[in-house]
Amino acid sequence: MAELMVRDGTWTFDDEAVRIVPGHERGVHKLRRDLGEFTVPLIAMAGIAYEPARKGGRLRLRLREGADPLLQVTGGGLPDEANPYQVTVDAARADVAEYFVDAVRQALLLEQVPDGPADRYLLPGPAVPLSAAGVDGLASFDGERVHLEWRWNTSETKRNQGPRDFALADLEAVEWRAAAGLESGYLRFRTHGATERIAPEHDPHAIELWGFKKESGTTALLAAAVAARLPHPSAAGPGKALTAGTPALPAAVPLPASPAPAPAAPPASGAAPADDHDALLRRLRELGELRREGVLTEEEFTATKTAVLRRFHTTG
């Protein structure tokens with residue numbers, strides 16, 4: 001098991017999932033704290049990286065496209081300090097971060113997790129009920145219905161429409177955009193068949209957002225909770241994404257033309273190609289393919305994998 005404890009929170013990896021617990025210090029973004037503890041299964045991950053800097057660095061967990069409703073609905077609009085999939089690492093914990101990265105990468109290779117898009121959400125989304133405030137209105141969601149109330153400063157168009165209620169069955173999609181420059185952001189609930197695009201300050205299906213204040217972060221969580229309960233945008237149609245859990249063969253490693261004996265353990269340190277990490281990672285990937293194709297028995301796979309991992313940990 002690998003564990004990293006930093007100001008933004010604690011990440012724990014048990015070979016099957018990364019458990020993320022947000023920090024509670026004053027500087028931790030409210031969105032992280034409101035989202036709370038959650039678990040990212042291995043099948044939802046596309047990669048992980050540690051980016052060193054002069055004073056520490058940053059650890060980033062990359063998810064498969066479409067795996068998480070929060071990332072899906074925000075479309076990359078979360079600022080770094082609010083993004084729950086990255087943490088700042090101080091220099092004293094850089095070695096721990098690098099070990100964490102190695103552990104996750106080895107598991108992704110051994111389990112042959114595809115890194116392509118997912119056609120269903122692999123994380124459940126934020127817990128409900130949720131309430132969120134924007135510039136001109138308040139939104140609430142109980143898991144079945146969305147309710148919108150208007151503030152005193154809302155436009156006459158919205159005020160004339162009165163409070164709005166939407167059942168999940170009424171909704172085709174939920175849209176969230178952060179403000180950009182002088183352009184307002186919005187939280188919008190798009191109903192089936194709606195085609196007209198109205199500015200958020202006049203749209204009775206939308207709440208206007210300014211900047212990325214604490215309130216805007218909560219609207220992102222509410223949007224994700226609604227999105228998690230709607231059909232996945234990639235669930236049907238041409239160009240359908242790879243089904244989660246379906247293994248994909250890496251094109252870079254050809255399959256053997258015919259059964260072959262079990263590969264020998266990595267050669268002694270005099271054989272340079274097997275002694276660098278890239279070569280050993282390629283060997284791990286090949287072993288996973290040989291097991292899946294039935295070339296290696298489970299016992300042969302386990303024995304050879306153990307030898308490769310032992311060599312992996314002794315290389316510099």
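What's counted below: heavy atoms across the whole structure, side chains too, no hydrogens, waters or symmetry copies.
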request  = Using modelled atom types only, decide if a donor and an acceptor are shared between the side chain of T154 and the backbone of W150 within a distance under 3.5 Å.
outcome  = no

query = Can any side-chain N or O of W210 pair as donor or acceptor with the backbone N or O of V135 at less than 3.5 Å?
reply = no

key: Heavy-atom donor-acceptor pair, N160 side chain to T157 backbone, under 3.5 Å   = no

inquiry  = For D136, is there an ion pair with K158 - N to carboxylate O distance below 4.0 angstrom?
reply    = yes

task = Considering non-hydrogen atoms only, spot the tightest contact between L31 and P84 and give its length.
result = CD2-CD, 4.4 Å

Under 3.5 Å: donor-acceptor pair, side chain of R229, backbone of A225 = yes

inquiry  = side-chain contact (heavy atoms from CB on, under 4.5 Å) for L168 and R145? Distances and angles first, verdict last.
reply    = CA-CA 6 Å; L168 281 176; R145 302 188 70 84; over 6 Å; no

query = Distance-only, no hydrogens or angles: does the R120 side chain make a donor-acceptor pair with backbone N or O of P231 under 3.5 Å?
reply = no

message = On a heavy-atom basis, which atom in Y99 and which in A2 lie closest, and how many Å separate them?
response = CE2-CB, 3.8 Å

Acceptor/donor pairs from residues 38-58 side chains to any protein atom, 3.5 angstrom cut, sequence neighbours excluded:
from, atom 1, to, atom 2, distance (Å)
Y50, OH, G56, O, 3.4
E51, OE1, R60, NE, 2.9
E51, OE2, R60, NE, 2.9

query = salt bridge (Lys or Arg N to Asp or Glu O under 4.0 Å): which pairs involve residues 90-100, sequence neighbours left out?
reply = D90-R93

query = Under 4.5 Å between side-chain heavy atoms, hopping through other hydrophobics if needed: is there a path connecting Y186 to V226?
reply = no

query = Taking atom CZ of F141 and atom CG of L130, what is their separation to the nearest 0.5 Å?
reply = 8.5 Å

request  = Give a yes or no on this: more than 12 heavy atoms of other residues, nucleotides or ligands lie within 6.0 Å of atom CD of E65.
outcome  = no

query = Of the non-hydrogen atoms in R33 and G23, which two are nearest, and what is the gap between them?
reply = CG-O, 3.7 Å

query = Does F166 have its ring centroid less than 6.0 Å away from the ring centroid of H205?
reply = yes

ask   = Roughly how far apart are N83 CG and L71 CG, rounded to 0.5 Å?
value = 6.5 Å

request  = Could you walk me through whether F189 and R164 pass the side-chain contact (heavy atoms from CB on, under 4.5 Å) test, one step at a time?
outcome  = CA-CA 10 Å; F189 301 93; R164 308 291 287 169; over 6 Å; no

key: Minimum-distance pair of heavy atoms, taken over all atoms of Y121 and A227   = CE1-O, 3.3 Å

task = Could you walk me through whether S155 and E201 pass the side chain to side chain donor-acceptor pair (under 3.5 Å) test, one step at a time?
result = CA-CA 6 Å; S155 66; E201 61 264 32; over 6 Å; no

ask   = Hey, what do you get for CD (E172) to CZ (R190), rounding to the nearest 0.5 Å?
value = 4.5 Å

key: D115 backbone acceptor or donor facing R64 side chain under 3.5 Å   = no

Test: E175 and R197 ion pair at under 4.0 Å = yes

query = For E183, does the CD atom have more than 12 heavy-atom neighbours from other residues, nucleotides or ligands under 6.0 Å away?
reply = no

request  = For H29 and D80, indicate whether the former's side chain and the latter's backbone hold a donor-acceptor pair under 3.5 Å.
outcome  = no

request  = Please say whether more than 12 non-hydrogen atoms of neighbouring residues, nucleotides or ligands are located less than 6.0 Å from CD in E37.
outcome  = yes

message = If we ignore hydrogens and angles and just use 3.5 Å, is the side chain of R7 paired with the main-chain N or O of G27 as donor and acceptor?
response = yes

task = Write down the atom of A118, the atom of H232, and the distance for their closest heavy-atom approach.
result = O-CE1, 3.3 Å

ask   = Between I20 and V18, is a side-chain contact (heavy atoms from CB on, under 4.5 Å) present by the stated rule, with each step listed?
value = CA-CA 6 Å; I20 297 177; V18 171; 3.9 Å; yes

message = side-chain contact (heavy atoms from CB on, under 4.5 Å) for T218 and D34? Distances and angles first, verdict last.
response = CA-CA 8 Å; T218 310; D34 288 347; 3.6 Å; yes

ask   = Between P163 and E149, which heavy-atom pair has the shortest distance, and what is it?
value = CG-OE1, 3.9 Å

query = Going by heavy atoms in the side chains, are T88 and V6 under 4.5 Å from each other?
reply = no

query = How long is the gap from CZ on R32 to CG on L78, to the nearest 0.5 Å?
reply = 9.5 Å

T219 side chain near I207 side chain, heavy-atom distance below 4.5 Å = no

query = To the nearest 0.5 Å, what is the distance between CG (L209) and CH2 (W176)?
reply = 7.0 Å

task = Keeping the roles fixed (side chain from H147, backbone from A139), state whether a donor-acceptor pair exists under 3.5 Å.
result = no

